[in-house]
Each structure stands twice: as structure tokens, then as C-alpha cells.
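Proteins get letters first, then strands, A, B, ... in listed order; numbering begins at 1 in each.
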Number of protein chains: 2
Amino acid sequence: MANITNIYSGTLADIEKLDGPLSQRVYTALRDAILDMKIAPGEVLRKATICEQFGVSRSPVAEALTRLSGEGLVDVIPQSATRVTRFSLEEIREECFLRDAVEVAAVKRVATTRTDAQLLQLSRNIRLQSLLVEDKDFHGFFEADEAFHAMLLEFTGFRSVAAIAGQLSLQLRRARVLILPEEGRPAETVIEHTAVLDAIRASDEDGAARAMRHHLGQLIVRIEPLEKQYPDFFR
Amino acid sequence: MANITNIYSGTLADIEKLDGPLSQRVYTALRDAILDMKIAPGEVLRKATICEQFGVSRSPVAEALTRLSGEGLVDVIPQSATRVTRFSLEEIREECFLRDAVEVAAVKRVATTRTDAQLLQLSRNIRLQSLLVEDKDFHGFFEADEAFHAMLLEFTGFRSVAAIAGQLSLQLRRARVLILPEEGRPAETVIEHTAVLDAIRASDEDGAARAMRHHLGQLIVRIEPLEKQYPDFFR
DNA sequence: ATATGTCAACTAACATGTTAGCTGTGAACG
DNA sequence: CGTTCACAGCTAACATGTTAGTTGACATAT
């Protein structure tokens with residue numbers, strides 16, 4: 001590793017705008033920055049620097065970093081440094097496997113239990129996706145995409161399964177930011193989402209599973225080339 | 001809430017025996033105690049008390065509790081108290097859903113990729129289970145049971161999928177301690193495990209999936225009556 | 001020139017002092 | 001007798017002082 005480790009100097013969200021305990025605000029601000037790739041993988045996070053930037057003491061920062069470490073978003077090197085975790089293709093493949101397992105199971109269930117109201121909500125979301133793609137609003141599209149998957153998980157009837165499932169593909173979520181601007185991919189995504197919805201509408205359990213599996217399978221194909229494109233982000 | 005909150009006074013593991021940072025040791029000791037139901041659900045954990053018991057200051061204890069909170073093993077009531085999370089059937093059903101999704105996917109994969117060495121390891125484990133059931137060594141059986149499932153997850157070829165998957169069914173693991181001594185259940189469990197292994201040995205993907213689904217389905221059936229048996233442990 | 005040992009500087013980890021928010025008790029009041 | 005409101009006591013949350021481990025630079029020896 002020849003190059004000097006760069007030190008974070010970007011813009012963090014203003015924690016004044018959030019509420020709740022300080023540690024929670026610091027956690028949220030850092031988490032969002034990491035997930036949105038505002039802080040690059042491998043970048044060093046210094047407690048003292050973060051304290052200054054937020055104007056808080058070390059305790060809430062320490063707690064925030066502990067939580068981020070638990071989620072695998074930062075690597076703590078004991079007594080030495082804390083840095084934003086680099087991607088690992090091995091780890092991302094694992095997350096893809098888990099995500100596939102969970103979301104395919106979810107979509108199979110939803111295909112048999114879905115209500116008209118849920119179908120409407122899903123189709124509305126997909127129409128929104130189309131509009132956002134036309135407008136080339138990639139950030140908005142990303143959010144609508146996430147909402148589509150979250151809806152499917154919620155419609156399993158398990159209230160918080162979306163939250164838990166979201167936690168186990170955090171690296172994936174982060175990597176997706178990198179492939180977002182890829183030419184034509186958003187439009188393809190909408191088509192794949194539509195295929196999933198059509199199968200659910202037809203109560204076609206296996207068709208929905210196939211459509212979702214195909215859709216999720218596209219992700220790892222797009223992510224793998226990133227290792228060569230952004231070697232610094234991988235380990 | 002009429003009854004007085006009981007205060008923990010049981011035996012915790014000696015953190016001297018562990019190594020690594022203090023916070024890590026405290027975390028491990030508390031986690032093990034909670035998972036083994038040595039500390040009852042709903043019981044209050046006082047920082048000051050824990051500090052005395054381990055002979056450490058509040059910092060490592062705070063960090064340990066933060067991590068446990070992130071895993072959902074303790075509930076922190078802001079500015080008030082921290083208590084061991086009570087069970088929620090809703091939440092346990094969610095964990096069953098997720099566990100089923102992941103382990104069924106794993107077993108399907110393993111059925112097509114398994115090596116002779118892996119088959120041997122699995123069958124050895126099942127024979128061990130039989131012996132432990134005969135000896136009525138329930139604790140030993142519990143560990144062998146966990147090892148069986150962990151092996152299947154590892155044999156997917158995803159090195160740490162077992163660790164991640166284990167994290168999302170922590171409440172389940174804890175509840176299983178309660179149903180462990182149920183008459184005849186361990187013997188049934190061995191039979192179900194054997195069915196899974198037989199299907200894997202036959203490279204019968206769907207059969208393995210069915211066997212695993214049936215096996216995991218037994219769990220929620222056993223857990224549901226616990227709400228009446230141990231009302232204090234549920235919320 | 002290279003390998004190695006020493007040391008200074010920096011960092012997280014830990015200890016402890018201080019603040020603020022919740023909770024239950026009891027007094028004042030309707 | 002019931003309701004509300006103030007206050008005391010307790011807790012987690014936060015701030016800050018202290019310790020100890022790691023790292024990398026530099027000098028020294030081979």
C-alpha cells in the first residue's frame with residue numbers, strides 16, 4: 001500500500017437538524033455519509049476530528065462508531081485507527097446470497113397473500129420509477145428502488161422484516177451507489193421490477209420467485225467489474 | 001406494572017479468563033449470560049452494578065450494552081433503565097421466516113455442491129447428537145444441534161454466512177433454551193436432522209428443502225405455548 | 001545498503017467527574 | 001377521595017482527564 005491514507009474532510013449532515021440523543025444523531029449522520037459514499041471506503045475516521053466537526057465530546061462519537069462497527073460499516077484497528085470498511089467481493093457475494101434467499105422467500109409469500117391495495121401501491125411505485133428514469137433523477141430513482149424492495153418485504157406481514165433484512169445487505173446498498181449511473185441500467189431495472197409485479201398480480205408464486213431471482217442476479221454481475229474500476233475501494 | 005423489578009444477582013462468567021479489550025470481554029460475558037437465559041428477560045441491568053461485578057469502569061460496560069442493544073438483546077429506555085429484551089411472538093415469527101428463508105436456500109445449495117468430506121462431517125455430528133440424547137446431556141445436544149446448522153451454512157461456500165445468519169435469529173436461539181428439556185423433542189430433532197442429511201446425500205435439492213422446512217417449522221409450534229407458560233418473559 | 005532496535009508521537013481504550021431526563025412519592029388542591 | 005403538580009432520587013448520557021498500545025521514523029549495528 002504505497003499511497004498515503006487520505007483523511008476525511010468532506011461535508012457531514014448537520015446534526016442540529018436531527019433529534020434524539022447526540023450519539024444517535026452522530027450515528028445517523030456518519031451512517032448516511034458512509035452509505036452514500038460521501039466518505040470513501042478505506043478513509044480514516046479520527047474520533048477527535050469527528051468531535052470537532054459535530055461539536056460534541058468523544059462519548060457520543062465513540063458510541064456511534066461502536067454501532068457502525070457492529071454493522072460492519074467501519075473497521076476498528078485496536079489502539080490505532082478506525083476506517084470506513086473497504087468492499088470485499090467475497091462478502092458482497094455472501095450478502096447477495098442472503099438477500100436472494102430472503103427476498104425470493106418474501107416475494108413467494110406475497111404472491112399468495114397480496115391484496116388489491118398492495119398491488120396498487122406497488123404499481124404506483126413502479127410508475128414513479130419510470131418517471132424518475134425519464135427525468136434522469138438517479139437519486140430519486142435509487143430511493144424508489146429501495147422503497148419497492150422494502151414494500152415487498154413489508155407485505156410479507158412481518159412488520160419489521162424489512163428493517164432486519166436491510167441490515168444484512170448494507171455493503172450491497174453502498175456498492176449500488178457506484179453502479180447507479182450506469183447507462184441504461186435504471187431502465188432495465190424498471191422492466192425487471194415490472195416482471196416481478198406482474199407475477200405477483202397473477203398470484204404466480206414460482207414466476208415471481210424466478211423474476212426476483214433474475215433481477216437480483218443482475219446486481220452481482222454489475223458489482224464485480226467495480227473491483228478493477230475502483231481498486232482503492234476493495235481489499 | 002405492579003410487581004417490583006427484580007435486580008440481577010446471578011453468576012456471570014469471569015472476564016479474567018477472556019482476552020482482548022475489556023469492552024469485548026464484558027460484552028461476551030453478558031451476551032452469553034443472556035443467550036443462556038442466565039439473566040431473565042425483563043430483568044434490569046444497571047451499569048453501576050455491572051461495573052462492580054466485573055471490576056471495570058463504566059466505559060467498557062457502556063460499549064458492551066451499546067452492542068447488545070444493536071443486536072436487540074437489551075432494551076435501553078433513555079435516561080431510565082436498560083433491561084434484557086422480553087420475547088415477542090411477532091418478532092420470533094419474523095425470525096423464523098428469515099431463518100427458514102436462509103437455511104432452506106443454504107440446504108438447497110449444499111445438496112448440489114456437497115463433498116464426501118462434508119457428508120462425513122455431517123453424519124458424524126448426527127451420530128454425536130444421538131449419543132448425547134441417549135446420555136440425556138441436553139446442553140451438549142444443544143451445542144451439537146447448533147453446530148449441525150452452522151455446518152450447513154458454512155458448506156454453502158460462503159465463509160461467514162453462518163455468523164451473519166446467526167445474528168438474525170438471536171431471540172430464537174434464546175427461546176430454544178426454554179423448549180430444550182421438552183420430553184422427546186431432542187430425539188425427534190435427530191430424526192429430522194437425519195432426513196435433511198439423507199436428502200443432501202442423495203443430492204435431492206427439493207427433498208432437502210422440504211426436510212429442512214419441516215424441521216424448522218417444528219420450532220415455532222413449540223415456542224408458541226411458551227407465552228402462556230412463561231408470561232413474564234413475553235411482552 | 002539493509003536489517004534491527006529504540007523512541008517519540010499519536011490513537012483508541014479506559015476511568016471518572018458532571019449534566020440532564022425520567023420516575024415515583026407525596027403534598028396541595030379540586 | 002381523586003387529580004395534579006412539584007420535588008427528590010435515581011439512571012443513562014455526556015464531557016473530560018488518564019493510560020496504554022500501536023506505528024512509523026530514525027539512528028545504529030551488521
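- In this structure, A/Y27 places its OH atom 16 Å from P of D/dA13, rounding to the nearest Å.
- Under a 4.0 Å N-O distance rule, the pair A/R235/A/E91 qualifies as a salt bridge.
- Listed candidates were D/dT16, C/dA12, C/dC14. Nearest to the side chain of B/S57 is C/dC14.
- One N or O donor and one acceptor, one from the side chain of A/S59 and one from the base of D/dA15, sit under 3.5 Å apart.
- Taking atom CD of residue A/Q24 and atom C1' of nucleotide C/dG21, one finds them 17 Å apart after rounding to whole Å.
- Between B/E71 and B/R31 there is a salt bridge, since a side-chain N of the basic residue sits under 4.0 Å from a carboxylate O of the acidic one.
- Atom pair A/L45:CG and C/dT11:C1' shows a separation of 13 Å (rounding to whole Å applied).
- A close approach under 4.0 Å does occur between a side-chain nitrogen or oxygen of A/K47 and OP1 or OP2 of C/dA13.
- B/I77 has its CD1 atom 15 Å from the C1' atom of C/dG24, to the nearest Å.
- For the pair A/F54 CZ and D/dA15 P, the interatomic distance rounds to 13 Å; values are reported in whole Å.
- One finds no side-chain N or O of B/S80 lying less than 4.0 angstrom from the OP1 or OP2 phosphate oxygen of C/dG21.
- Atom-to-atom, CZ of B/R58 to P of D/dA12 comes out at 10 Å; the value is rounded to the nearest Å.
- Checked against C/dA12, C/dA15, D/dA15, the side chain of B/L22 finds its nearest nucleotide in C/dA15.
- As a whole-Å value, the separation of B/I50 CD1 from D/dT11 P is 12 Å.
- Side-chain proximity of A/R46 to C/dT23, C/dT11, C/dA12: nearest is C/dT11.
- Rounded to an integer number of Å, the gap from CG of B/D75 to P of D/dA12 is 14 Å.
- Salt-bridge formation is not detected for the pair B/R25/B/D19: no Lys NZ or Arg NE/NH1/NH2 atom is positioned less than 4.0 Å from an Asp or Glu carboxylate oxygen.
- A salt bridge links B/R176 to B/D145: one of the charged nitrogens lies within less than 4.0 Å of a carboxylate oxygen.
- Side-chain polar atoms of A/Q121 and A/R124 form no donor-acceptor pair below 3.5 angstrom.
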